[in-house]
Amino acid sequence: MNDPEALPSLAQRVQAHLQCLYPAEDIDALATRCLEVFGVAPDAPTPGPHRNNWGPGTAMLITYGDSVRRDGEAPLQTLTQFCRAHFAGMISTVHVLPFFPYSSDDGFAVMDYTTVNPSLGQWEDLTELSRSFQVMTDLVINHCSSRSLWFENYKAGRDPGKRYFVEVSPDEDLSDVVRPRTSPLLRAVETVGGERHVWCTFSHDQVDLDFANPDVLLEFLGIIKLYMDRGMRWFRLDAVAFLWKTIGTPCINLPETHEVIRLIRLLVEHRDPDAVIITETNIPNQENLTYFGNANEAHMIYNFSLPPLLLHAMLSGNAQHLKHWLMTMPPAQQGTAYLNFIASHDGIGLRPVEGLLTDDERDRMIETLVQSGARITARTGASGEVRPYEINISLWNAMARTETSGENDGLQFARFICAHAIMMALEGMPAFYIHSLLATENDEARVEHTSQNRSINRHVWDADELDKLLESDTHHRDVFKALRRLLAIRTRQGAFHPNATQYTLHLGDGLFAFWRQSIDRRQSIFAIHNISGQAQVFNLSELNLIVTDQWKDLVSGESFEDRMKPVTLEPYQFIWLSNRD
C-alpha cells in the first residue's frame, strides 16, 4: 500500500465514511455531492501522512472579535492592529471566537454561519487578519440558534431546515443521556404539524442539529468551504462530542461522531494540506484522547485536564496529581499535537479531572477560588445528582491566594507567570486567552448585566485605556511584558516543538519538572518549576546532564558549571535549563 496509485481514491474514501453514516442512502450520489459542495476533485492527490503543520514558534491567541475596542473603528480592525503591534513573530494563530450574528451565549448560538456580525466588521477584516496570522474559526457544529432561518423554516415546514433538528417524544427514556447542563433536555415548540419536542443539549436557544440527515452534513461542508475561501485554515469543532444522537445511549462520543470528524478531516486536508482540525471536547481525559483517532481525526485536541490540574497544583503547592497525569499522557503521533491552555472564554472544566482528583481535593480548590470571586456552574449527573461542572473566574484572580495563604501573600504575580511557563514548556502548542495575557480581573459588572457566570472572564477593553495600562506601572504591563519575553524565548527552542520528546522528572511534590528533547535530538531542556509557596532544593546530579555540554538557564541566563551543586528555587521560580541557547 506504499504505492500512491494503490491507495483508494478520495472519492472511494469519502464513500467509505458515508457508508458508515448513511447506509440507506445512494452513497455514490451522496459522495459526489459532498465533493462538489466542498470543491475538491474526486481524484485529488492525497497529502503525505503525519505532517506537522506547526513548529516551535507555533502559539495561539484566543480572543473574541471585540475583546479590544476603539470608538469609530470596527472591532476586527482594532484586533488586527493590536495583534500586529504586539504579537508579530510570537503568535502564529489567532482564534477569533464566533464572529457571526447570534442570539445568546456570546456567539455560540449562531443565527447565520455565512455572515460576519456587522457590529464586529466584515469578511474582509478577517481576511486581512489572515494575511498576518493563521485564523482559527469556530465551527459551531452541534447546534444553532432557535432564531436562525433554519429553525424558523423547521417550524414552518420549509427547506432548508424542516428536517434539520432532532425531534424526540417526551415519553422516550432519555436517562442515559450525558448532560453538560441542568436545563431540561427537550424544548416544546409549535410547528405547522403541531407541538414537537426538540433536543437542546446546552440551552433552549441552542437547538441541536440532526446529522443523521445528510443534508445537514452538506450544509456544513459548504460552510467550511466558505471559510477556507475567506482565508481560514484552522477549524475548532465546538461541542462536537455531542454531535450524534441515538436513543438508549449516552449520546456522547458515539462512533458516528468520530466518523463525521474523519470525513471532515479527509476533505479539509485534500483541499489544503496545511489546514488543521481541532476538536473541543470537554470530557474526561481518556475519552478526550480518542479524538486523535489513528492520526486521522483531530490534528489537535484541547488538553482539558491541564487547567484544573495545574490550578490545583498551584493552589495546593503539591504537583503529585499533575505529575501522575503527565506520566499517563501518551506522546502525540507526528501530525497530531496537544493544544495546551490554562484559561479560555469558558470556565475551568471539572469533568476532565474526574478520577484524577478526589472530591475533597476538588472541593478545597473550589472553596479557595470562591474566596477569590469564582462562580460555580453545575451539571446533572447520570443518576440525577447535581455536580460542579465548571469554575468561572479570571485566571489573574484565580492566582490571588492559595489553599493555605491569604489573598495578599505577595506571590500572585509569581504564581501567574509560573503557571504560564509550565504551559509553554509542555509537549503541545500553547494557547493564550487574551485576558490572561492582559491579567484582566473578574468582570463582576458584566456578570450582573448578562446573568451569565462565564461573563466574569469576558471583559471588553477600550483599546486606548488598555494602551495606557500597558505603558504605565500596572500589573497588566508587568504580566504582559513577562509573558511576551517567555514566549519570545520559547519560539527559538527546538526542544519546545509541540512534538518534541517529553519525560516526567521526580524531584519532589513541590517541583513540577520534565525533560524535553528536540526532534533532531540536538537540544535538551530541563523545565523545572517550583509550584509551591516555599523554597525548594534539588541537585543537578538528579538530572543526568550530559557532562560535555554547557548548561544554561534560558530564563535568567545563568550558567551551571558545577554538576553536583544543589539548586534552590524560590517560591514559584522556574528554570529552563538547556544545552543550547
Side-chain angles (χ1 to χ4, degrees), residues 20-21 104-105 108-109 140-144 146 151 154 163-191 193-213 216 237-261 279-291 304-305 308 346-347 349-359 362-363 366 376-391 453-454:
C20 295
L21 294 167
S104 64
D105 199 18
F108 286 92
V140 186
I141 196 169
N142 179 71
H143 51 260
C144 70
S146 65
F151 197 64
Y154 161 76
R163 296 192 304 115
Y164 280 17
F165 300 93
V166 181
E167 290 184 355
V168 182
S169 166
D171 297 327
E172 289 278 8
D173 181 3
L174 303 175
S175 58
D176 290 333
V177 176
V178 171
R179 297 297 316 285
R181 298 288 186 272
T182 55
S183 57
L185 177 61
L186 301 183
R187 170 190 169 179
V189 58
E190 288 298 327
T191 75
E195 185 180 73
R196 297 289 186 270
H197 291 81
V198 293
W199 192 293
C200 300
T201 296
F202 290 91
S203 79
H204 281 189
D205 187 40
Q206 293 164 293
V207 189
D208 284 40
L209 293 151
D210 186 4
F211 271 81
N213 176 1
V216 176
L237 273 55
D238 176 66
V240 70
F242 300 94
L243 187 72
W244 201 276
K245 283 79 177 173
T246 300
I247 304 300
T249 75
C251 296
I252 186 171
N253 307 323
L254 296 188
E256 293 86 352
T257 294
H258 289 276
E259 201 70 48
V260 171
I261 297 169
T279 51
E280 187 266 334
T281 47
N282 190 357
I283 51 181
N285 192 50
Q286 291 305 311
E287 298 172 26
N288 190 32
L289 289 168
T290 65
Y291 283 85
F304 274 108
S305 295
D346 288 339
L350 292 171
R351 284 212 71 205
V353 292
E354 292 177 5
L356 301 177
L357 294 180
T358 67
D359 286 353
R362 179 203 63 201
D363 292 344
I366 289 174
I376 309 301
T377 301
R379 72 177 182 92
T380 303
S383 59
E385 80 281 9
V386 175
R387 297 176 59 86
Y389 173 77
E390 184 177 86
I391 303 166
N453 287 348
R454 286 177 170 177

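Start at 1 with the first residue, then count along the sequence. Remember, predicted model here, so these are calculated numbers, not experimental data.
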Student: For N453, what residues pass the side-chain contact (heavy atoms from CB on, under 4.5 Å) criterion, not counting sequence neighbours?
Tutor: R375, T377, N392

Student: Can you tell me how far apart OG (S146) and CD (Q206) are? Round to the nearest 0.5 Å.
Tutor: 9.0 Å

Student: Anything under 30° is parallel, anything over 60° is perpendicular, the rest tilted; go ahead and classify F242 against F202.
Tutor: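 F242 and F202: perpendicular rings.
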
Student: Is the shortest side-chain N to carboxylate O distance from R187 to D205 below 4.0 Å?
Tutor: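 Judged by the 4.0 Å cut-off on N to carboxylate O distance, R187 and D205 do not form a salt bridge.
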
Student: Hey, does the side chain of S305 reach the backbone of P352 with a donor-acceptor pair shorter than 3.5 angstrom?
Tutor: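 Present.
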
Student: CG/L21 to CD/E259 distance, rounded to the nearest 0.5 angstrom?
Tutor: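 Between atom CG of L21 and atom CD of E259 there are 5.5 Å.
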
Student: SG of C20 to NE2 of H258: how many Å apart, nearest 0.5 Å?
Tutor: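 So the gap between those two atoms works out to 13.0 Å.
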
Student: For the residue pair N282 and Y389, establish whether any side-chain heavy-atom pair is separated by less than 4.5 Å.
Tutor: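 Contact flag for N282/Y389 side chains = yes.
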
Student: Can you list everything that forms a ring pair (Phe, Tyr, Trp, His ring centres under 6.0 Å) with H197? Sequence neighbours excluded, please.
Tutor: none

Student: Are any of the side-chain heavy atoms of R181 and S203 separated by less than 4.5 Å?
Tutor: no

Student: Between CG of L209 and CD1 of I141, what distance do you get to the nearest 0.5 Å?
Tutor: 8.5 Å

Student: Taking the side chain as everything from C-beta on, heavy atoms only, tell me whether V240 gets closer than 4.5 Å to N142.
Tutor: no

Student: So, do H143 and D208 sit near enough that their side-chain heavy atoms are less than 4.5 Å apart?
Tutor: yes

Student: Are the side chains of V166 and V198 in touch, meaning some heavy atoms are under 4.5 Å apart?
Tutor: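 No, their side chains stay 4.5 Å or more apart.
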
Student: Between D210 and R163, is the closest basic N to carboxylate O distance under 4.0 Å?
Tutor: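 Looking at R163 and D210, the cut-off is not met.
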
Student: Is it true that E390 and R351 have a side-chain N and a carboxylate O under 4.0 angstrom from each other?
Tutor: no

Student: Backbone N or O of V189 within a donor-acceptor pair of the E195 side chain at under 3.5 Å?
Tutor: no

Student: Are side-chain heavy atoms of R179 and L185 found at a separation under 4.5 Å?
Tutor: yes

Student: List the residues meeting ring pair (Phe, Tyr, Trp, His ring centres under 6.0 Å) with Y154, not counting sequence neighbours, and say none if there are none.
Tutor: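 For Y154 the ring pair (Phe, Tyr, Trp, His ring centres under 6.0 Å) partners, ignoring immediate neighbours, are F151, F165.
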
Student: Under a 4.5 Å cut-off applied to non-hydrogen side-chain atoms, are I252 and W244 in contact?
Tutor: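 No - every pair of side-chain heavy atoms lies 4.5 Å or more apart.
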
Student: Please check this pair: side chain of T191 against backbone of G194, looking for a donor-acceptor N/O pair closer than 3.5 Å.
Tutor: yes

Student: Quick one: does C251's side chain get under 4.5 Å of W199's, heavy atoms only?
Tutor: yes

